[in-house]
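To start, the structure under review is shown below, and the notes come after it.
A, B, ... follow the sequence lines: proteins, then strands. Residue 1 opens every chain.
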2 protein chains.
Amino acid sequence: MRSPSPDLTTRARIRDAALALFGANGYSATSVRAIAERAGVSAALVMHHFGSKEALRAECDAHIVDEVIGRKEQLATDSDLSSTMRRWLADVDLYRASLDYLARMITDGTDAGARLFDDLVDRTASMIDAEVAAGRMRSSSDPRMTAVIVAAHGLVPLLLESQLGRALGEPGLTPALVARMTLPTLELYTHGLYQTTDVLDAATAALAGRPDTTRGPRSDKGAGDPNQDPDPPPARASDN
Amino acid sequence: MRSPSPDLTTRARIRDAALALFGANGYSATSVRAIAERAGVSAALVMHHFGSKEALRAECDAHIVDEVIGRKEQLATDSDLSSTMRRWLADVDLYRASLDYLARMITDGTDAGARLFDDLVDRTASMIDAEVAAGRMRSSSDPRMTAVIVAAHGLVPLLLESQLGRALGEPGLTPALVARMTLPTLELYTHGLYQTTDVLDAATAALAGRPDTTRGPRSDKGAGDPNQDPDPPPARASDN
DNA sequence: TAGGATACTGAACATGCGTTCACCCTCGCC
DNA sequence: GGCGAGGGTGAACGCATGTTCAGTATCCTA
């Protein structure tokens, strides 16, 4: 599993080792000594190069942000979160360390992760705006929220990498699975899931002020979409 | 921030403290002493009740699974991941600990998290099947994958709690934001995002064997959907 | 009322942690 | 030839960790 480690700077080798271990096991579950061992150096050298474990983490964050957002030399290229993610997912094995680390950045709520997410949302919003203006996408009742949702949906393969693979009978997220996701996703984004506008209409009506009209088409079976239901469910207290 | 801790069993109080700290800071960043302090007991008592930190984690996992999947007494109720999540999200402040812990379970790839996710996928698949049979939902070219995607999309508010809140100008995920997500999500699931079937058609054609036909409607602007693009992007090697 | 189980504690244990320090090598430069 | 700067190391430091242990209080039961 250890990478053969090409002839990089020792500093870069340490950074890559940290990235892999932080990504695989998390920050606090990773010791400086483990990083040093993986990089083939002593723990003292890690401190010599980075000063502290926290500074090493910051350098990893910055490195990933550079990889994703694009570094200075190649400002022109349209490299952002979604395109980088797509590129990395195309070769999951090669980029597993970066993918794992990136997923942790986004879920851990660090500043760097927030920057990446905000950038993704902004780009998604601009893209949708342009497509709507060109008549290729529908406009939404809440464009900002729609951009956030679409952006967040796009992160799903990153965040649920292991779950997606296992739930579909393969170990981890294979390139075949990534390819297999394309068509259903586009079907969803082209036709939606519902045949009729009943659920949407009921929700619109409910949110417009009338909390209850016919109660027929909405609460039929835990709501059509499994995670959106306009009626407030009763809260339940904790247990013993 | 500390909860006033109602009159629970000491054992339950310790478990709740562990749940909150594990959820907020992660397993290895949480010390047994911190858990003990939060529960108002000594560290030794934590060991007395649970044997080890790892066993305490297992008990937390089991407790959340019980909360989500439903415990023995109430087998009949249709309590699953999505409905429990919805219920918890309706009172984010009250259930923050459970929500954070649950999010970690699902992303950390533990067995318990996998069980929850698989259960969610199965229920989503059944729901879609039933709705399709009733003529209320469209059938997909890949029903299993569609179920996985819809299930995963539903987990987004859980996994990206902090990001969603911040990206929309509020601190964390407020009930108002949860409500505000309803309509755009239903719009997406009712009408889709694309006005035409161009992108879907192009992808279908590309995946059917012809890798390139007109190249016009697909690669216009980084692809309509920001995260699905059938053409394989060129891989790039690592850096210095 | 004795006694054994149970709840609970403070102090200690061994270990691993992040970090520091003194020291060695090996260059490039004057 | 000398020499300073930087890459690199092993050993150690102080500390926090998970866990253990002897001991105390409290309760239930016989």
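Proximity of a side-chain donor or acceptor of B:Arg11 to a complementary backbone N or O of B:His49 within less than 3.5 Å is detected.
Across C:dT20, D:dT20, D:dG18, the shortest atom-to-atom separation from the side chain of B:Lys53 is found for D:dG18. The nucleotide whose nearest atom lies closest to any side-chain atom of B:Ala44 is, among D:dC21, D:dG18, D:dT9, D:dC21.
If you check every strand for non-hydrogen atoms under 4.0 Å, A:Ser28 touches nothing. Heavy atoms of A:His49 sit under 4.0 angstrom from primed sugar atoms or phosphate atoms, though from no base atom.
Between B:Ile14 atom CD1 and C:dT6 atom P there is a gap of 16 Å when expressed in whole angstrom units. Regarding B:Leu21, its CG atom lies at a distance of 12 Å from the P atom of D:dG18, rounded to whole Å. Look at CE on B:Met47: it is 12 Å from P on D:dC21, rounded to the nearest Å. Going from atom CG of A:Leu56 over to atom P of C:dC17 covers 15 Å, rounded to whole Å. Whole-Å rounding puts the A:Phe50 CZ to C:dT20 C1' distance at 18 Å. Following rounding to the nearest Å, A:Asn25 (CG) and C:dC17 (P) show an atom-to-atom distance of 12 Å. Straight-line distance from the CG atom of A:Leu45 to the P atom of D:dT9: 6 Å, rounded to whole Å. Rounded to an integer number of Å, the gap from B:Glu37 CD to D:dG18 P is 13 Å.
You'll find the side chain of A:Leu155 reaches within 4.5 Å of the side chain of A:Leu81, heavy atoms only. In this structure the side chain of B:Ile69 never reaches within 4.5 angstrom of the side chain of B:Arg115, judged on heavy atoms.
Heavy-atom nearest nucleotides on DNA chain C were determined for B:Arg11 and for B:Arg33, and the one closer to the 5' end corresponds to B:Arg11.
In this structure, B:Ser31 reaches the D:dT17 phosphate: one of its side-chain N or O atoms is under 4.0 Å from OP1 or OP2. Taking 4.0 angstrom as the limit, B:Ser52 places none of its side-chain polar atoms (N or O) nearer than this to OP1 or OP2 of D:dG18. Phosphate contact (OP1/OP2 of C:dA7, side-chain N/O of B:His48, threshold under 4.0 Å): present. Taking side-chain N and O atoms only, B:Thr10 has no distance below 4.0 Å to OP1 or OP2 of C:dA7.
A cation-pi arrangement is absent between A:Lys53 and A:Phe22 under the rule of less than 6.0 angstrom and at most 45 degrees off the ring axis.
Going from atom CD1 of A:Ile106 over to atom OH of A:Tyr101 covers 12.0 Å, rounded to the nearest 0.5 Å.
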